[in-house]
Amino acid sequence: MKRDSYQKTKKMVIMAIFIAIIIIQTLVPILGFIPLGIMNATIIHVTVAIGAILLGVKEGAGLGFVFALGSMWKNTFMPNPTSFCFSPFAPAIAGYTGGIRSIIVCFVPRILVGVVAALVFSAVRKTGKVKLALSVSGAMAAVTNTILVMSGIYFLFGQHYASATGRELSQLPYVIVGIIGTQGVAEAIVSAILTLAIAGTLLKISEER
(Lines give C-alpha, C1' and ligand atoms only; values in the text may rest on other atoms or scores of the structure.)
Protein backbone atom coordinates (compact mmCIF):
# COMPACT_ATOMS: atom_id res chain seq x y z
CA MET A 1 0.00 0.00 0.00
CA LYS A 2 2.80 2.40 0.90
CA ARG A 3 4.56 1.61 -2.36
CA ASP A 4 1.37 2.35 -4.36
CA SER A 5 0.85 5.58 -2.47
CA TYR A 6 4.44 6.61 -3.14
CA GLN A 7 4.10 5.91 -6.87
CA LYS A 8 0.86 7.91 -7.09
CA THR A 9 2.40 10.85 -5.26
CA LYS A 10 5.50 10.63 -7.45
CA LYS A 11 3.35 10.70 -10.59
CA MET A 12 1.39 13.71 -9.33
CA VAL A 13 4.57 15.63 -8.55
CA ILE A 14 6.12 14.85 -11.94
CA MET A 15 2.85 15.77 -13.66
CA ALA A 16 2.77 19.10 -11.81
CA ILE A 17 6.36 19.83 -12.84
CA PHE A 18 5.61 19.17 -16.50
CA ILE A 19 2.48 21.33 -16.37
CA ALA A 20 4.57 24.14 -14.88
CA ILE A 21 7.16 23.76 -17.65
CA ILE A 22 4.45 23.95 -20.33
CA ILE A 23 3.01 27.08 -18.73
CA ILE A 24 6.47 28.70 -18.65
CA GLN A 25 7.05 27.73 -22.28
CA THR A 26 3.72 29.32 -23.18
CA LEU A 27 4.34 32.55 -21.31
CA VAL A 28 8.01 33.13 -22.11
CA PRO A 29 8.70 34.13 -25.75
CA ILE A 30 10.78 31.68 -27.82
CA LEU A 31 10.77 28.92 -25.17
CA GLY A 32 7.60 27.31 -26.49
CA PHE A 33 6.11 29.20 -29.41
CA ILE A 34 8.40 30.59 -32.09
CA PRO A 35 6.77 33.40 -34.15
CA LEU A 36 6.97 32.80 -37.90
CA GLY A 37 4.86 35.75 -39.07
CA ILE A 38 1.47 34.30 -39.96
CA MET A 39 1.81 31.34 -37.53
CA ASN A 40 3.81 30.06 -34.57
CA ALA A 41 6.13 27.05 -34.66
CA THR A 42 6.25 25.16 -31.39
CA ILE A 43 8.50 22.86 -29.38
CA ILE A 44 6.05 22.30 -26.52
CA HIS A 45 5.13 18.95 -28.05
CA VAL A 46 8.61 17.80 -26.94
CA THR A 47 7.69 18.47 -23.31
CA VAL A 48 4.39 16.65 -23.78
CA ALA A 49 6.15 13.68 -25.39
CA ILE A 50 8.71 13.41 -22.58
CA GLY A 51 6.00 13.61 -19.94
CA ALA A 52 3.93 10.98 -21.75
CA ILE A 53 6.92 8.64 -21.96
CA LEU A 54 7.60 8.94 -18.24
CA LEU A 55 4.00 8.92 -17.00
CA GLY A 56 1.80 7.09 -19.51
CA VAL A 57 -1.10 7.60 -21.92
CA LYS A 58 -3.62 9.33 -19.62
CA GLU A 59 -1.06 11.75 -18.24
CA GLY A 60 0.26 12.36 -21.77
CA ALA A 61 -3.25 13.27 -22.90
CA GLY A 62 -3.55 15.59 -19.89
CA LEU A 63 -0.31 17.35 -20.77
CA GLY A 64 -1.52 17.66 -24.35
CA PHE A 65 -4.67 19.32 -23.02
CA VAL A 66 -2.56 21.84 -21.10
CA PHE A 67 -0.53 22.42 -24.29
CA ALA A 68 -3.78 23.17 -26.14
CA LEU A 69 -4.98 25.56 -23.44
CA GLY A 70 -1.68 27.42 -23.71
CA SER A 71 -2.01 27.57 -27.49
CA MET A 72 -5.51 28.97 -27.21
CA TRP A 73 -4.35 31.58 -24.67
CA LYS A 74 -1.42 32.55 -26.88
CA ASN A 75 -3.61 32.97 -29.95
CA THR A 76 -6.20 34.93 -27.99
CA PHE A 77 -3.93 37.46 -26.31
CA MET A 78 -0.95 37.48 -28.71
CA PRO A 79 -2.74 36.90 -32.02
CA ASN A 80 -1.47 36.69 -35.56
CA PRO A 81 -3.48 36.67 -38.82
CA THR A 82 -4.30 32.94 -38.52
CA SER A 83 -5.06 32.83 -34.79
CA PHE A 84 -8.75 32.27 -35.58
CA CYS A 85 -7.75 28.67 -36.42
CA PHE A 86 -6.75 28.04 -32.79
CA SER A 87 -8.98 30.21 -30.62
CA PRO A 88 -12.67 31.14 -30.82
CA PHE A 89 -11.79 34.23 -28.77
CA ALA A 90 -9.04 35.56 -31.03
CA PRO A 91 -9.66 39.04 -32.45
CA ALA A 92 -10.68 38.93 -36.10
CA ILE A 93 -7.42 40.32 -37.48
CA ALA A 94 -8.05 38.78 -40.89
CA GLY A 95 -11.81 39.27 -40.59
CA TYR A 96 -12.60 35.69 -39.52
CA THR A 97 -13.54 33.95 -36.28
CA GLY A 98 -13.04 30.29 -35.50
CA GLY A 99 -15.88 29.12 -33.27
CA ILE A 100 -16.07 25.44 -32.41
CA ARG A 101 -13.82 24.54 -35.35
CA SER A 102 -10.88 26.34 -33.76
CA ILE A 103 -11.35 24.33 -30.56
CA ILE A 104 -11.14 21.10 -32.59
CA VAL A 105 -7.95 22.22 -34.39
CA CYS A 106 -6.38 23.46 -31.16
CA PHE A 107 -7.24 20.60 -28.81
CA VAL A 108 -7.54 17.32 -30.73
CA PRO A 109 -4.01 17.26 -32.23
CA ARG A 110 -2.34 18.41 -28.98
CA ILE A 111 -4.12 15.82 -26.83
CA LEU A 112 -3.20 13.11 -29.34
CA VAL A 113 0.46 14.19 -29.18
CA GLY A 114 0.68 12.80 -25.65
CA VAL A 115 -1.34 9.70 -26.48
CA VAL A 116 0.72 8.85 -29.58
CA ALA A 117 4.06 9.48 -27.84
CA ALA A 118 3.18 7.17 -24.95
CA LEU A 119 1.78 4.39 -27.17
CA VAL A 120 4.65 4.49 -29.66
CA PHE A 121 7.25 4.42 -26.89
CA SER A 122 5.54 1.48 -25.21
CA ALA A 123 5.26 -0.46 -28.48
CA VAL A 124 8.81 0.13 -29.74
CA ARG A 125 10.34 -0.42 -26.30
CA LYS A 126 9.10 -4.02 -26.38
CA THR A 127 11.77 -4.69 -29.01
CA GLY A 128 14.36 -3.90 -26.35
CA LYS A 129 15.64 -0.83 -28.21
CA VAL A 130 14.98 1.94 -25.71
CA LYS A 131 16.94 4.63 -27.55
CA LEU A 132 15.07 3.90 -30.76
CA ALA A 133 11.78 3.99 -28.85
CA LEU A 134 12.62 7.41 -27.41
CA SER A 135 13.65 8.86 -30.77
CA VAL A 136 10.68 7.49 -32.67
CA SER A 137 8.16 8.57 -30.03
CA GLY A 138 9.63 12.08 -30.02
CA ALA A 139 9.50 12.29 -33.81
CA MET A 140 5.96 10.92 -33.93
CA ALA A 141 4.80 13.49 -31.38
CA ALA A 142 5.96 16.26 -33.70
CA VAL A 143 4.52 14.56 -36.79
CA THR A 144 1.17 14.06 -35.06
CA ASN A 145 0.98 17.71 -34.09
CA THR A 146 2.01 19.07 -37.49
CA ILE A 147 -0.08 16.79 -39.70
CA LEU A 148 -3.26 16.94 -37.61
CA VAL A 149 -3.09 20.71 -37.12
CA MET A 150 -2.44 21.46 -40.79
CA SER A 151 -5.03 18.90 -41.93
CA GLY A 152 -7.57 20.41 -39.54
CA ILE A 153 -6.85 23.88 -40.88
CA TYR A 154 -7.22 22.68 -44.47
CA PHE A 155 -10.51 20.85 -43.98
CA LEU A 156 -12.13 23.24 -41.49
CA PHE A 157 -10.70 26.62 -42.51
CA GLY A 158 -9.49 26.13 -46.08
CA GLN A 159 -10.89 29.24 -47.75
CA HIS A 160 -10.44 31.50 -44.71
CA TYR A 161 -6.86 30.36 -44.10
CA ALA A 162 -5.98 30.85 -47.76
CA SER A 163 -7.42 34.38 -47.69
CA ALA A 164 -5.70 35.24 -44.40
CA THR A 165 -2.34 34.20 -45.84
CA GLY A 166 -2.89 35.96 -49.16
CA ARG A 167 -3.22 32.81 -51.27
CA GLU A 168 -5.77 31.19 -53.55
CA LEU A 169 -7.62 28.12 -52.27
CA SER A 170 -6.15 26.09 -55.14
CA GLN A 171 -2.66 26.83 -53.79
CA LEU A 172 -3.46 25.67 -50.27
CA PRO A 173 -2.65 21.94 -50.68
CA TYR A 174 0.85 22.87 -51.87
CA VAL A 175 1.25 25.28 -48.94
CA ILE A 176 0.14 22.62 -46.45
CA VAL A 177 2.49 20.01 -47.94
CA GLY A 178 5.29 22.57 -47.94
CA ILE A 179 4.80 23.36 -44.26
CA ILE A 180 4.70 19.68 -43.36
CA GLY A 181 7.76 18.93 -45.49
CA THR A 182 9.87 21.78 -44.12
CA GLN A 183 8.73 22.96 -40.69
CA GLY A 184 7.20 19.57 -39.87
CA VAL A 185 10.34 17.60 -40.74
CA ALA A 186 12.57 20.05 -38.85
CA GLU A 187 10.35 19.82 -35.76
CA ALA A 188 10.36 16.01 -35.97
CA ILE A 189 14.18 15.85 -36.10
CA VAL A 190 14.57 18.31 -33.21
CA SER A 191 11.90 16.49 -31.21
CA ALA A 192 13.59 13.10 -31.75
CA ILE A 193 16.97 14.44 -30.60
CA LEU A 194 15.65 16.30 -27.55
CA THR A 195 13.38 13.44 -26.48
CA LEU A 196 16.24 10.95 -26.73
CA ALA A 197 18.59 13.18 -24.73
CA ILE A 198 16.20 14.43 -22.05
CA ALA A 199 13.74 11.56 -21.66
CA GLY A 200 16.56 9.03 -21.78
CA THR A 201 18.27 10.65 -18.81
CA LEU A 202 15.05 11.12 -16.84
CA LEU A 203 13.99 7.55 -17.54
CA LYS A 204 17.23 6.18 -16.13
CA ILE A 205 16.90 8.30 -12.99
CA SER A 206 13.26 7.30 -12.57
CA GLU A 207 13.95 3.57 -12.97
CA GLU A 208 16.86 3.65 -10.51
CA ARG A 209 14.56 4.77 -7.72
Side-chain angles (χ1 to χ4, degrees), residues 19 21-49 61 63-114 116-117 138-191 194:
I19 289 174
I21 292 172
I22 292 173
I23 292 173
I24 292 170
Q25 286 182 296
T26 301
L27 296 176
V28 179
I30 307 301
L31 287 184
F33 291 96
I34 304 170
L36 295 178
I38 61 171
M39 292 187 72
N40 293 314
T42 181
I43 57 172
I44 298 180
H45 59 268
V46 178
T47 306
V48 175
L63 292 173
F65 181 82
V66 177
F67 174 16
L69 282 177
S71 178
M72 181 178 288
W73 179 90
K74 189 85 169 179
N75 282 281
T76 300
F77 296 102
M78 302 178 69
N80 58 58
T82 60
S83 285
F84 63 88
C85 295
F86 303 96
S87 172
F89 312 110
I93 294 177
Y96 310 113
T97 55
I100 187 67
R101 292 174 298 168
S102 62
I103 294 176
I104 294 172
V105 172
C106 186
F107 280 84
V108 173
R110 276 62 187 271
I111 291 172
L112 288 177
V113 164
V116 168
M140 286 304 299
V143 169
T144 298
N145 183 61
T146 302
I147 291 181
L148 292 185
V149 166
M150 297 312 300
S151 296
I153 288 175
Y154 178 75
F155 288 110
L156 298 177
F157 293 104
Q159 183 62 65
H160 292 169
Y161 182 84
S163 298
T165 56
R167 297 181 174 90
E168 297 294 329
L169 182 59
S170 59
Q171 296 176 312
L172 197 54
Y174 303 104
V175 174
I176 299 294
V177 171
I179 291 174
I180 293 173
T182 55
Q183 179 181 318
V185 171
E187 287 182 353
I189 293 172
V190 170
S191 183
L194 291 177

> Set out, in order, the CA-CA distance, both residues' side-chain angles and the distance that settles side chain to side chain contact (heavy atoms under 4.5 Å, CB included) for I180 and V143, then state yes or no.
CA-CA 8 Å; I180 293 173; V143 169; over 6 Å; no
> Would you check if I43 and E187 make a side-chain contact, meaning some heavy-atom pair closer than 4.5 Å?
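I43 does not reach E187 side chain to side chain.
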> I need the L172 CG to I179 CD1 distance, nearest 0.5 Å.
8.0 Å
> Restricting to non-hydrogen atoms, name the atom on V113 and the atom on A141 that form the minimum distance, rounded to 0.1 Å.
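Taking V113 first and A141 second, the nearest heavy atoms are CG2-O, 3.6 Å.
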> If you compare all heavy atoms of I93 against all heavy atoms of P81, which two are closest, and at what distance to 0.1 Å?
CG2-CA, 4.2 Å
> To the nearest 0.5 angstrom, please state how far the CG atom of L69 sits from the CD1 atom of I19.
10.0 Å
> Would you compute the distance between atom CE of M140 and atom CG of L112 and round it to the nearest 0.5 angstrom?
11.0 Å
> F155: which residues meet the ring pair (Phe, Tyr, Trp, His ring centres under 6.0 Å) condition with it, sequence neighbours left out?
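For F155, no residue satisfies ring pair (Phe, Tyr, Trp, His ring centres under 6.0 Å) once neighbours in sequence are set aside.
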> Which distance, rounded to the nearest 0.5 Å, do you find between the CD of Q159 and the CZ of R167?
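Spacing of CD (Q159) from CZ (R167) equals 13.5 Å.
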> If you look at every heavy atom in P173 and L169, which pair is closest and at what distance?
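Result for this residue pair: CD-O, 3.6 Å.
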> What's the separation between atom OG1 in T82 and atom CZ in F157, rounded to the nearest 0.5 Å?
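Answer for the OG1-CZ pair, T82 versus F157, is 10.5 Å.
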> Please give me the minimum heavy-atom distance between Y96 and F84, naming the atom from each residue.
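Reported closest heavy-atom pair: O-CB, 3.5 Å.
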> Side chains of residues 97-108: which donor-acceptor pairs under 3.5 Å do they make with residues two or more places apart or in other chains?
unit_1: R101; atom_1: NH1; unit_2: L156; atom_2: O; d: 2.8
unit_1: S102; atom_1: OG; unit_2: G99; atom_2: O; d: 2.6

> With F89, which residues qualify under side-chain contact (heavy atoms from CB on, under 4.5 Å), at least two apart?
M72, T76, S87
> Hey, are the side chains of F86 and V149 touching, using non-hydrogen atoms and a 4.5 Å cut-off?
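A side-chain contact exists here, since the closest heavy-atom pair is under 4.5 Å.
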> Could I get the full list of side-chain contact (heavy atoms from CB on, under 4.5 Å) partners for I22, not counting sequence neighbours?
Q25, T26, I44, T47, V48, L63, V66
> Does the S71 side chain pair with the main chain of F67, one donor and one acceptor, at a distance under 3.5 Å?
no
> Holding to ring pair (Phe, Tyr, Trp, His ring centres under 6.0 Å), I want the full list of residues that pass it with Y154, two or more places apart in sequence or in another chain.
none
> For S191, check side-chain contact (heavy atoms from CB on, under 4.5 Å) against everything at least two apart and list the hits.
H45, V46, A142, T195
